[in-house]
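Worth saying up front: this structure is predicted, and the values here are computed from it rather than measured.
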Amino acid sequence: MKSISIKNHKIEESTFTLMAGPCSIESKEQFESIVKFLKTQGVSIIRGGIFKPRTNPKDFQGLREKAFPIVKEIKEKEDFLFITEITDVRQIESLMEVADIFQVGTRNMYNYDLLKELAHINRPVLLKRNFSASIKEWLFAAKYLSPNNQIILCERGIRTFETAYRNTFDINAVSYLKQNSHLPIFVDPSHATGHNSLVSDIAKSALVAGAHGLLIEVHNEPDKALSDGAQALSFNQFSSLIKDLKNLSKSLNKKVL
């Protein structure tokens, strides 16, 4: 696996990196509360949606430009790395001011014009698998990001005939990619399940399968979240998961970061 250094954080074979935070930044108070909690848990990479593509056009689409001053202010106070989703080529310049890692979501895995532009930025790119994409298509999409040599793959569940949960977590993909790709592989158990009661088990299975980290949703009040609250972990749930991951990681010779 090719290691990736993001300022003072290193993603490598011996580590298990946590990227956690809310699906969407909803307000300064909400985001600051979540960041402060995650910092107490040892999380140094915070996720937070600024631009949110939603299936229903009437759903909350994110604070968009209003979120930039919020992120900048809290980053200055709390000192963390920030990952957020990019949905359009025109967002690159503005997001460069706040994002340490660019996330390409499932809908944009096939947006080759966006991928070509991200190939030339000096930032890591986390590329999520499209919910209907084969691994071959996913890896071809990653090739569009060349010559960027800081690419992270993220398995987030695929669409199958099963309707009991949001998506089907393809645990095979983690093992397969470790054998057939040099790129680090992360897992998003929040989108893979759609239910916060299932997230912890899938997160732990990702660690055992050999994933290099998690992209996971955490909210201070999941029941009141403006987007994807059903799959977000509460503070107590996340604290419990962290303890389990650290205990499990000892037998795997990995360090949870």
Item to check | Over 12 non-hydrogen atoms of neighbours within 6.0 angstrom of NZ in K243 | outcome: no
Checklist entry - Is N111 close to D113 at the side-chain level, that is, under 4.5 Å between some pair of heavy atoms? => result yes
Next on the checklist: Does V125 form a side chain to side chain contact (heavy atoms under 4.5 Å, CB included) with I152? I'd like the steps, not just the answer.
Outcome noted: CA-CA 6 Å; V125 176; I152 303 165; over 6 Å; no
Checklist entry - With a 4.5 Å heavy-atom cut-off, do V71 and I74 have their side chains touching? => result no
Checklist entry - Does any N or O in the side chain of S175 come within less than 3.5 Å of the main-chain N or O of N172, such that one atom is a donor and the other an acceptor? => result no
Item to check | Pairwise distance OG(S14) to CE(M1) - rounded to 0.5 angstrom | outcome: 9.0 Å
Next on the checklist: Keeping T193 on the side-chain end and P189 on the backbone end, is there a donor-acceptor pair under 3.5 Å?
Outcome noted: yes
Next on the checklist: Counting C-beta onward and ignoring hydrogens, is there a side-chain heavy-atom pair between E217 and R47 closer than 4.5 Å?
Outcome noted: yes
Next on the checklist: What verdict does the side chain to side chain contact (heavy atoms under 4.5 Å, CB included) test give for I92 and E117, after you've listed the backbone C-alpha separation in whole Å, the side-chain angles of each residue and the deciding distance to 0.1 Å?
Outcome noted: CA-CA 9 Å; I92 292 177; E117 290 298 319; 3.7 Å; yes
Item to check | G48 to T84 - nearest heavy-atom pair and separation | outcome: O-OG1, 2.7 Å
Checklist entry - For the side chain of Q61 and the backbone of D59, is there at least one donor-acceptor N/O pair under 3.5 Å apart? => result yes
Item to check | Rounded distance (nearest 0.5 Å) linking atom NZ of K254 with atom NZ of K246 | outcome: 16.0 Å
Checklist outcome for this item: Sorted by chain and residue number, the ring pair (Phe, Tyr, Trp, His ring centres under 6.0 Å) partners of Y112 (sequence neighbours excluded) come out as Y144
Item to check | Heavy-atom pair of closest approach, residues V174 and G210 | outcome: CG1-C, 4.1 Å
Checklist entry - Can you find a side-chain donor-acceptor pair between Q150 and R123 that sits under 3.5 Å? => result no
Checklist outcome for this item: Value for CG (L38) from OG (S239), rounded to nearest 0.5 Å, stands at 9.0 Å
Next on the checklist: Test side chain to side chain donor-acceptor pair (under 3.5 Å) on H9 and T17; report intermediate values, then the result.
Outcome noted: CA-CA 9 Å; H9 188 98; T17 295; 3.0 Å; yes
Next on the checklist: Main chain of N236, side chain of S240: is a donor-acceptor contact present, judged purely on distance under 3.5 Å?
Outcome noted: no
Item to check | Any donor-acceptor N/O pair, N196 side chain to A232 backbone, under 3.5 Å | outcome: yes
Checklist entry - If every non-hydrogen atom of I158 is compared with every non-hydrogen atom of A133, which pair is closest and at what distance? => result CG2-O, 4.5 Å
Next on the checklist: I'd like to know whether CG of N122 has more than 12 heavy-atom contacts from other residues, nucleotides or ligands below 6.0 angstrom.
Outcome noted: no
Checklist entry - Are more than 12 heavy atoms from other residues, nucleotides or ligands located less than 6.0 Å from atom CD of E93? => result no
Checklist entry - When you look at T55 and R107, which way does the side chain to side chain donor-acceptor pair (under 3.5 Å) test go after all the steps? => result CA-CA 10 Å; T55 301; R107 293 171 178 82; 2.8 Å; yes
Item to check | Any donor-acceptor N/O pair, K39 side chain to E78 backbone, under 3.5 Å | outcome: yes
Checklist entry - For residues R129 and S134, is any side-chain donor paired with an opposing acceptor at under 3.5 Å? => result no
Next on the checklist: Just so I know, are the side chains of W138 and E155 near enough to count as touching, which here means a heavy-atom distance under 4.5 Å?
Outcome noted: yes
Item to check | Heavy-atom check, side chain of D100 versus side chain of K7, under 4.5 Å | outcome: yes
Item to check | E29/S33 under side chain to side chain donor-acceptor pair (under 3.5 Å): CA gap, chis, key distance, verdict | outcome: CA-CA 6 Å; E29 293 72 25; S33 170; over 6 Å; no
Next on the checklist: Quick check with a 6.0 Å cut-off and a 45 degree axis cone: is R159 positioned over the face of F131's six-membered ring?
Outcome noted: yes
Next on the checklist: Any donor-acceptor pair under 3.5 Å linking the side-chain atoms of E12 with those of H212?
Outcome noted: no
Checklist entry - Is there a side chain to side chain contact (heavy atoms under 4.5 Å, CB included) between K2 and N149 once you walk through the steps? => result CA-CA 9 Å; K2 177 181 173 56; N149 61 359; 3.8 Å; yes
Checklist entry - Donor-acceptor pair, N130 side chain versus T106 backbone, under 3.5 Å? => result yes
Next on the checklist: Rounded to the nearest 0.5 Å, what separates atom CG in L233 from atom OG in S190?
Outcome noted: 6.0 Å
Next on the checklist: I'd like to check I216 versus L18 (side-chain heavy atoms, cut-off strictly below 4.5 Å). Are they in contact?
Outcome noted: no
Checklist entry - Between M19 and I101, does a side chain to side chain contact (heavy atoms under 4.5 Å, CB included) hold up when you go through it step by step? => result CA-CA 10 Å; M19 301 180 183; I101 308 167; 3.8 Å; yes
Checklist outcome for this item: Closest non-hydrogen contact found for I25 with F82 is CD1-CZ, 4.0 Å
Checklist outcome for this item: Rounded to the nearest 0.5 Å, the OG atom of S24 sits from the CD1 atom of I50 at a distance of 10.5 Å
Next on the checklist: Can you give me the closest heavy-atom contact between I202 and S205, atom names plus distance?
Outcome noted: O-OG, 2.7 Å
Item to check | Side-chain donor/acceptor of S146 to backbone N/O of N148, under 3.5 Å | outcome: no
Checklist outcome for this item: In short, A203 meets L245 closest at the heavy-atom pair O-CD2, 4.2 Å
Checklist entry - Any side-chain heavy atom of L257 within less than 4.5 Å of one from K255? => result yes
Next on the checklist: Under the ring pair (Phe, Tyr, Trp, His ring centres under 6.0 Å) definition, can you give me all pairs with a residue in residues 155-198, not counting sequence neighbours?
Outcome noted: none
Checklist entry - Would you call L127 and C154 a side-chain contact if the rule is heavy atoms closer than 4.5 Å? => result no
Checklist entry - Aromatic rings F238 and F37: how do their planes relate, parallel, tilted or perpendicular, breaks at 30° and 60°? => result perpendicular
Item to check | Short N-O contact, K52 and E26, less than 4.0 angstrom | outcome: no
Next on the checklist: I need the L118 CG to F102 CZ distance, nearest 0.5 Å.
Outcome noted: 6.5 Å
